[in-house]
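Inspection log for the structure reproduced underneath, given as structure tokens.
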Amino acid sequence: MSDAIYSRIAASALVAILCGMVLFASAGPAAADFRLCNNTGSRVGVAVGYKDADGWTTEGWWNLPSRTCETVLKGSLVARYYYVYAIDYDHGGEWMGQAYMCTRDKEFTIRGVGDCLARGYDRTGFFEVDTGEQAAWTVQLTESSEQSPRHPLPAGNPLTQHPPAGARTSPATPLNPSGSQNR
């Protein structure tokens, strides 16, 4: 082989290495978010609740078209337990539980979970999602025909007074955290 061929091979290898380094550097860390996936044939409205350093907050509404996912809280999770309420716009029904929090019909961010009605809000039952202190989590909303086993809320939960009736979850694998919620 001639020196020209070796030079071309070396130049091509150098370009490939540099491209790989640029791709690796731009990849960044994996996203750490709280996501919801609508695995139904309906449009779904979603509200979430959580406790951060400033106290309890509920937020809504995210409108998820059929068979889509959306990140509803961006960044690393700040709590172990999150709460979700969802409603099926097309066929009726809801995903709910016994953790009561404040909501309203229009887009909202509400601080605090007490005295919802007195403050002019609705009082809505959310189901609990135990993220196991993972940095990211995905909740799968599914049809009732895909029901998973029930798991009760832990004792001493400040938001509940009775075991949950409407919350159904399925366990997550540590490498791909997700919970399934069924109507």
Side-chain angles (χ1 to χ4, degrees), residues 29-114 116-117 119-148 151 153 157 159-160 164-172 176-183:
D33 301 319
F34 189 77
R35 294 175 41 89
L36 280 119
C37 292
N38 173 10
N39 294 325
T40 74
S42 300
R43 294 171 304 128
V44 172
V46 175
V48 298
Y50 56 90
K51 187 174 184 181
D52 60 17
D54 297 324
W56 290 102
T57 299
T58 53
E59 296 183 53
W61 294 97
W62 287 269
N63 295 308
L64 280 67
S66 174
R67 314 251 183 258
T68 62
C69 296
E70 184 165 337
T71 298
V72 296
L73 300 173
K74 296 183 186 317
S76 293
L77 303 183
V78 297
R80 176 175 177 172
Y81 298 100
Y82 287 80
Y83 298 84
V84 177
Y85 172 80
I87 187 164
D88 181 324
Y89 292 138
D90 296 330
H91 297 105
E94 56 193 358
W95 293 262
M96 62 180 297
Q98 298 291 320
Y100 289 94
M101 301 180 140
C102 303
T103 61
R104 61 179 247 177
D105 289 339
K106 298 183 180 187
E107 184 176 326
F108 66 90
T109 298
I110 301 171
R111 301 297 285 167
V113 295
C116 297
L117 299 175
R119 295 191 296 151
Y121 301 121
D122 296 319
R123 185 173 178 260
T124 306
F126 287 60
F127 66 84
E128 182 177 78
V129 176
D130 181 354
T131 66
E133 298 181 3
Q134 298 288 323
W137 197 265
T138 298
V139 176
Q140 307 284 338
L141 299 174
T142 60
E143 302 286 350
S144 59
S145 62
E146 302 171 19
Q147 289 181 3
S148 304
H151 295 281
L153 293 174
N157 182 320
L159 295 177
T160 61
R168 293 187 266 292
T169 62
S170 64
N176 185 15
S178 70
S180 293
Q181 299 303 324
N182 305 301
R183 278 184 283 165

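Bear in mind that the values here come from a model prediction, so they are computed numbers and not experimental data.
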Using side-chain heavy atoms (C-beta onward) and a distance below 4.5 Å, is Trp95 in contact with Asp88?
yes

Donor-acceptor under 3.5 Å (Glu143 side chain, Gly41 main chain):
yes

Test item: Thr58 and Tyr85 side chains (from C-beta on) under 4.5 Å apart, heavy atoms
no

Could you name each residue pair satisfying disulfide bond (SG atoms under 2.5 Å apart) that touches residues 40-114, not counting sequence neighbours?
Cys37-Cys69, Cys102-Cys116

Can you sort out the partners of Phe108 under ring pair (Phe, Tyr, Trp, His ring centres under 6.0 Å), two or more places apart, ordered by chain and number?
Trp61

Examine distances only and state if a side-chain atom of Thr131 and a backbone atom of Arg80 form a donor-acceptor pair shorter than 3.5 Å.
yes

So, taking the atom named CD in Gln134 and the one named OG in Ser76, what distance separates them when rounded to the nearest 0.5 Å?
11.5 Å

Return the minimal non-hydrogen interatomic distance between Asn63 and Pro65, and the atom names on each side.
O-CD, 3.5 Å

Hey, does the side chain of Arg119 reach the backbone of Gly114 with a donor-acceptor pair shorter than 3.5 angstrom?
yes

Evaluate the side-chain proximity of Asp90 to Thr40: yes if any heavy-atom separation is below 4.5 Å, no if none is.
no

Within the side chain of Ser66, is there an N or O that forms a donor-acceptor pair under 3.5 Å with the backbone of Arg43?
no

For Asp52, I'd like to know if atom CG has over 12 heavy atoms of other residues, nucleotides or ligands within 6.0 Å.
yes

side-chain contact (heavy atoms from CB on, under 4.5 Å), paired with Tyr83, selected from Tyr50, Phe127, Trp56
Trp56

Is the shortest side-chain heavy-atom distance between Phe34 and Tyr82 below 4.5 Å?
yes

Full working for side-chain contact (heavy atoms from CB on, under 4.5 Å) between Val48 and Leu36:
CA-CA 10 Å; Val48 298; Leu36 280 119; 4.0 Å; yes

Are Leu141 and Val46 packed together at the side-chain level, in the sense that at least one heavy-atom pair is separated by less than 4.5 angstrom?
yes

Side chain proximity check, Leu73 to Glu59, heavy atoms < 4.5 angstrom
yes

Restricting to non-hydrogen atoms, name the atom on Arg123 and the atom on Leu117 that form the minimum distance, rounded to 0.1 Å.
N-CD2, 4.1 Å

Looking at Asn38 and Leu64, would you say the former's side chain and the latter's main chain have a donor-acceptor pair under 3.5 Å?
yes

Output the distance between atom CD (Glu133) and atom OH (Tyr81), rounded to the nearest 0.5 Å.
8.0 Å

